**Q** 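First the structure, which I've put down as structure tokens, then a few questions once you've had a look.
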Amino acid sequence: MPLPKDLIRISPTTWELPVTFKKGMLVPARIIASEKLINAMEDAVFEQAANVACLSGITGYSYCMPDGHWGYGFPIGGLAAMDPERGVISPGGIGFDINCGMRLVLTNLTEEEVRPRLHDLVNRLFSRIPTGVGCHGTLKVKESEFRHIAEQGSRWCLKKGYAVAEDLELTEEGGCFTGGDSAKVSNKAIERGLEQLGTLGSGNHYCEIQVARPENVLDQKIARSFGITIPNQVVIMFHCGSRGFGHQIATDYLQRFLKVMGPKYGLSVTDRELACAPFRSPEGQDYYAAMKCAVNMAFANRQMILHRIREVFSDIFHRDPFDLGLRMLYDVAHNTAKLERHLIDGAPRELLVHRKGATRSLGPGSPELPACYRESGQPVIIGGSMETGSYLLSGMTGSNATFATTAHGSGRTMSRHQAKKLFRGDRLQQQLEQRGIYIMTDSLGGLAEEAGGAYKDIDEVAAVTELAGLSKRIVKLLPMGNIKG
DNA sequence: ATGTGC
């Protein structure tokens, strides 16, 4: 597929569509990619990044990260910073799975210690962490309790004994976006959420046991400061979000925005999927307060899953989970919008940063970071496929250009439908087992959709983020065992 | 992504 002829190469890793690319663009669109990745990008990414550049109040550039691909309205990998006074908030810039995110957990166990118990561990994780569409959690809460969870996030877990203080310190925003208001959430969304705490979900959501081999440690010093200190150290990475709760909130507000956008606010968009409302309007503020509830539910969901992981490892090894070194490394959101301060032309400005399939990546010295990571920069977790592995990186100061943002995953190269035609889940499971990767799933079709071959080259994506000055590769993590929906 | 949709 030929690249758009207006596309300009700004640097080895930055490509730009000027405002002349499409009528209505207020700022240029920039795509962070190598030559290989830009050539593999779907046309839809260019169109969608340009559509986002037309949204009121967009500041600087509309961005797409190197793992970018086609999404609902915004590309997945999309980033837009809005002026909060003049700009809009758009659910399509956050995604249906609000606060879908990654959490990385340390252990002090080695591959040699874990391998003999791998099947037991994976089987037990699979039975303790519900997976799949429509799965229900082992914890059901009352509506009033759920409203607290939606407003407090991980803080609720700490109060109930499902977290230790350090878990919250090592979660983006302390595991709670303040200002969540459950009165702005529909009863339907709350009903869907009641039984979803501690559940993984489906699609590309998974929980993986991984190993950090010495040859894959790329920066010894920062790796040590992140707690990767022993050869062949085992870690646990998982990926999930706000389940049906967040999905319902996104659906509710997309409908509401579509009704008022034109008639009440005179906003027109190139694509209905970019439904939006002025951030300072009642509708915009209601969505922001409801979205924060979904963000908080997702933080609490990941915290409950961490609690289950601690129980499982403790059961299998007959030791206290903290003796096993089951400590947080970090938790990053990758589907949110939030008010953040960024330097624009040398002056600090508050901006509403939409990240959709994009990770915050604060560089060294950022005051928002916990003290233990202030020197290194923020841990960034880029999840790859179960075949090819994942990366732990650290934020770099070059990310000032992208509102402190980097990639979030490897990014699909083909649709789920195509992947299902090309790969077979049962065969994949067998092949991976032969390579020492044990997978439990209740959907072999879903497994085929997540085949490594359906994704971009994770090594290339991680390398490009480093070359672009967004995030530095610290450790490549290889899969040993995986549960998925 | 999603009690998977026109």
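Chain letters run A, B, ... following the sequence lines, proteins first, then strands; residues in each count from 1. All values derive from a computational prediction rather than experimental measurement.
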**Q** With the threshold set at 4.0 Å, does a side-chain nitrogen-carboxylate oxygen contact exist between A:Glu191 and A:Lys188?
**A** no

**Q** For A:Met297 and B:dT2, what is the distance between atoms CE and C1' respectively, to the nearest whole Å?
**A** 13 Å

**Q** Taking atom P of B:dT4 as reference, at what distance in whole Å does atom NE2 of A:His247 sit?
**A** 10 Å

**Q** Grab the CD-C1' distance between A:Gln248 and B:dT2 for me, whole Å please.
**A** 10 Å

**Q** What contact category does A:Gly203 fall into here, base, sugar-phosphate, or nothing, at under 4.0 angstrom with non-hydrogen atoms?
**A** sugar-phosphate

**Q** Quickly work out the A:His417 NE2 to B:dG5 P distance and round it to whole Å.
**A** 16 Å

**Q** Assign A:Gly241 to base, sugar-phosphate, or nothing according to its heavy-atom contacts below 4.0 angstrom with the strands shown.
**A** nothing

**Q** Whether A:Ser202 contacts B:dT2 is assessed here as follows: a side-chain N or O lying under 4.0 Å from the phosphate OP1 or OP2. Is that the case?
**A** yes

**Q** What's A:Glu191 touching, base or sugar-phosphate or nothing? Going by heavy atoms closer than 4.0 Å.
**A** nothing

**Q** Give the rounded distance in Å between these two atoms: CD of A:Glu195 and P of B:dT2.
**A** 16 Å

**Q** Is there a side-chain contact between A:Glu350 and A:His342, using heavy atoms and a 4.5 Å cut-off?
**A** no

**Q** Taking NZ, NE, NH1 and NH2 as the nitrogens, is one of them in A:Glu145 or A:Lys160 under 4.0 Å from a carboxylate oxygen of the other?
**A** yes

**Q** Nearest whole angstrom, please: distance from the P of B:dT2 to the CZ of A:Phe96.
**A** 12 Å

**Q** Classify A:Lys188 by what it touches in the nucleic acid, base, sugar-phosphate, or nothing, heavy-atom distance under 4.0 Å.
**A** base

**Q** Between A:Asp442 (CG) and B:dT4 (P), how many Å, whole number?
**A** 14 Å

**Q** Given atom CD of A:Gln196 and atom P of B:dT4, what is their separation to the nearest angstrom?
**A** 12 Å

**Q** Should the pair A:Lys36-A:Asp457 be classified as a salt bridge under the 4.0 Å nitrogen-to-oxygen rule?
**A** yes

